[in-house]
Amino acid sequence: MKYQVQENCLTIFLPNELDHHNAEEIRKTADELIETHQIKCVIFDFANTNFMDSSGIGVIMGRYKLIYLLGGEVWAVHANERMKKILTMSGVTRIIQIYEEEELV
């Protein structure tokens, strides 16, 4: 996994498969970066992601709860149609924004 911190914003570049095998590592690293860099914005980049199970949903929901308490926001970017469908069906789209590339410019 790759992480990028710019000012108070953390971008998490998600792997091809976001599942129970890597969810705990993402969770630990993200929480550590959020705490040490006083992060107010978390962006989940789905550009390379083709699979996500309930563990992945848990990672997103957990970071949302943490960032919400800090007065921040959570976004998803570069989600393909399959990932958008999973995010919608799981209810995640009710609490986080999904942005298309042109919307970020």
Check [X] against [Y] and note the closest heavy-atom contact, atom names and distance.
X   : Y   : answer
P15 : T49 : O-OG1, 2.8 Å
A76 : F46 : CB-CE1, 3.8 Å
R63 : A30 : CD-CB, 3.9 Å

Looking at [atom1] of [X] and [atom2] of [Y], how far apart are the two atoms once the value is rounded to the nearest 0.5 Å?
X   : Y   : atom1 : atom2 : answer
E32 : H37 : CD    : NE2   : 8.5 Å
R82 : I86 : CZ    : CD1   : 5.5 Å
I43 : Q97 : CD1   : CD    : 12.5 Å

Under a 4.5 Å cut-off applied to non-hydrogen side-chain atoms, are [X] and [Y] in contact?
X   : Y   : value
I39 : V5  : yes
N8  : Q38 : no
K28 : E24 : yes
E81 : K84 : yes
L14 : I26 : yes
L70 : K40 : yes
E73 : Y64 : no

Side chain N22, main chain E17, donor-acceptor under 3.5 Å: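 Such a contact is found between N22 side chain and E17 backbone.
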Side-chain (S90) to main-chain (L87) donor-acceptor, under 3.5 angstrom: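 Indeed, once roles are kept as given, a pair shorter than 3.5 Å links the two residues.
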Flag if over 12 foreign heavy atoms under 6.0 Å of OH, Y3: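 Yes, because the 6.0 Å sphere around OH of Y3 holds more than 12 heavy atoms from other groups.
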Residue E35 excluded, over 12 heavy atoms near CD under 6.0 Å: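 Incorrect, the count does not exceed 12.
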Examine [X] and [Y] and state if one hydrophobic cluster contains both, with Ile, Leu, Val, Met, Phe, Trp and Tyr joined whenever side-chain heavy atoms are less than 4.5 Å apart.
X   : Y   : result
L66 : I96 : yes
M61 : I67 : yes
V59 : F51 : no
F13 : M1  : no

Derivation and outcome, side-chain contact (heavy atoms from CB on, under 4.5 Å), residues N16 and N48: CA-CA 5 Å; N16 184 40; N48 298 316; 5.6 Å; no
Intermediate values then yes/no, side-chain contact (heavy atoms from CB on, under 4.5 Å), V74 and F44: CA-CA 8 Å; V74 177; F44 289 97; 3.6 Å; yes
Note: K2-D45 ion pair, threshold 4.0 Å (strictly below):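 Judged by the 4.0 Å cut-off on N to carboxylate O distance, K2 and D45 do not form a salt bridge.
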Residue pair I60, M52: steps toward the side-chain contact (heavy atoms from CB on, under 4.5 Å) verdict: CA-CA 11 Å; I60 294 169; M52 178 170 59; 4.0 Å; yes
I12/L10 under side-chain contact (heavy atoms from CB on, under 4.5 Å): CA gap, chis, key distance, verdict: CA-CA 6 Å; I12 303 170; L10 168 64; 4.0 Å; yes
